[in-house]
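Atoms within a ligand are numbered from 1 in the order they appear, just like the ligands themselves.
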Amino acid sequence: MTNIIHSGISRRRLLKWGAAAGLLTGLPIFARFEDFLAQARVRGERALPVPALLEGEVKNGVRHYDLAIRQNRHAFVPGVATATFGVNATFLGATLRLRRGERVQMNVRNELAESTTVHWHGMILPAAMDGGPHQEIAPAATWRPVFRVDQPAATLWYHAHPHKRTGRHVWNGLAGLMIVEDDAEAALPLPRDYGVDDIPVVLQDRQFDADGRLVYVTSMHDVMMGMEGDVPLCNGAFQPVFEARRKLLRLRVLNGANASFYNIGFSDGRPFHVIATDGGLLQKPVQRRRVLLTPGERVEIVVPVGEKPFALVSGGQTATGGGMMGSMMGGMMGGMMRGGDLPKHTFLTIIPAPVTESSPGLPDRLAELPPLRPARGLRVRRFNLQMGMGPGMMMGMRAPFAINGKAMDMNVINEIVPVNTDEIWEIRNTSPMPHPFHVHDTQFRVLSRSGGAVAAHEAGYKDTVLVDGREVVRILVRFRDHVDPETPYMYHCHILEHEDAGMMGQFTVVRA
Ligand code: C2O
Ligand code: CU
Ligand code: CU
């Protein structure tokens with residue numbers, strides 16, 4: 001039992017309890033990797049890796065992207081090679097640039113020794129092209145989905161999604177960003193020079209053993225809490241540094257963690273503007289000092305660089321969403337579940353270049369969003385997120401992780417949804433632990449939270465939404481086209497270990 005309770009606690013905390021060294025028995029010994037990290041800290045100055053930008057190649061009016069999934073070795077800290085997975089890279093993947101209105105073909109070659117899939121998270125596209133667990137790519141096979149990009153400019157992402165193995169594949173590195181562009185966004189005076197003032201920022205954390213190997217799920221605790229690590233990574237690097245050459249930076253931030261929630265902000269508490277969420281631009285910039293990002297969520301933020309170095313961090317004061325955070329920490333299990341607070345990490349240090357070039361000022365209007373006034377009498381579909389706990393898990397419930405009493409079953413379609421019809425989806429979290437709820441093939445709007453007001457930055461298009469412990473969140477959902485009664489899409493908790501353990505369901509979109 002000791003292992004199960006303590007193995008999820010951060011190493012930092014564990015080391016603080018030096019006196020209780022007995023607790024360390026049976027746990028991985030981190031000393032050597034800790035040395036590596038310490039050296040990296042001293043040597044410092046590792047430049048932020050900026051993933052290659054893949055623009056694709058147009059053939060016969062279709063833009064082709066070649067992606068190769070490979071087993072690799074990656075140096076998270078200089079001098080230590082770790083076995084990883086990557087997509088055209090040693091860890092994580094290239095950034096794909098897509099243009100609204102274009103037809104695209106992805107050529108995804110699987111060079112792993114096992115099957116996997118690649119899901120286009122946030123993309124509105126036919127179910128057969130979605131890359132969920134039904135679109136397995138066998139080893140040595142190439143999957144070639146074709147679809148039309150037809151949604152507003154946004155920061156989306158892709159990641160592995162094989163049945164019951166999503167957590168491990170993403171942990172090993174199978175994820176990358178997609179940038180969708182359109183004319184409306186292109187007409188705005190926003191930073192958009194990739195790698196210069198428009199920066200991809202993939203936030204994750206990992207656990208390593210003494211030899212610098214990735215450690216994945218070693219106990220029931222890791223499944224219940226979701227897999228968290230104590231080493232923060234930014235684009236796959238440990239605490240890198242970025243030299244800013246413009247006065248404003250646009251950061252496209254993805255919480256690409258398996259399970260960790262990051263309350264992001266800057267080390268000196270400087271304010272920044274949120275300009276976009278999962279599905280694209282907000283109506284207008286929203287000023288914040290902190291934003292809570294749960295796994296799968298993205299925000300685009302614009303921050304002034306100023307004169308002094310500063311860091312992108314998580315944790316610290318929860319100047320945001322008091323209700324949610326409060327209940328998360330004060331909840332019955334809160335203290336145990338998340339170690340009493342959210343992880344505190346330093347992800348990225350930003351250093352102003354000796355001379356910074358000026359940037360255009362932020363526009364005060366970004367996009368026109370339809371007003372949030374759902375018609376009366378819309379169908380309400382209910383989703384109860386369920387998590388069996390402790391002894392009850394063994395006895396009472398059929399599945400420890402379930403939605404509406406059922407664990408994910410590849411052969412069961414849980415919901416049949418009419419195309420192009422507004423619906424209200426009511427997501428009720430019956431557990432005390434917060435779950436980020438994600439729906440494929442749509443960008444929805446958040447209507448209400450039982451735990452408090454919907455924050456201004458949550459008012460835009462979303463595909464993943466936090467449902468706090470015991471909370472009920474209502475969203476307005478519509479699946480615009482892509483009728484296919486045979487092939488399902490997924491909805492699920494985006495804590496990947498919960499998803500893999502069954503907190504997922506399937507729906508088809510049919511003729512209305
Ligand atoms: Cu990002 Cu079904 O997942
Ligand atoms: Cu998705
Ligand atoms: Cu969950």
Within less than 2.8 Å of atom 2 (Cu) of ligand 1, any N, O or S from H494?
-> no

Ring centre gap for F437 and H435 strictly below 6.0 Å | no

Please find out if less than 6.0 Å separates the ring center of H159 from that of W157.
-> yes

N, O or S from H121 under 2.8 Å to atom 2 (Cu) of ligand 1 = no

Taking both backbone and side chain into account, is any N, O or S atom of H438 nearer than 2.8 Å to atom 2 (Cu) of ligand 1?
-> no

Just to the nearest 10 degrees, tell me the angle at atom 2 (Cu) of ligand 1 spanned by H161 NE2 and H440 NE2.
-> 110°

Proximal heteroatom of H435 relative to the Cu ion (ligand 3) (N/O/S) = ND1

Flag H494 as yes if one of its N/O/S atoms falls below 2.8 Å of the Cu ion (ligand 3), otherwise no.
-> no

H159: its N/O/S atom lying closest to atom 1 (Cu) of ligand 1 (atom name) | NE2

The Cu ion (ligand 3) -> H498, closest N, O or S atom is ND1

Ring centroid separation for H161 and H134, is it under 6.0 angstrom?
-> no

Only one of T84, V87, V118 forms a side-chain contact (heavy atoms from CB on, under 4.5 Å) with L174, so which one is it?
-> V87

Does CD1 in I416 sit with more than 12 non-hydrogen atoms of other residues, nucleotides or ligands closer than 6.0 Å?
-> no

Side-chain contact, heavy-atom cut-off 4.5 Å: V202 with L92?
-> yes

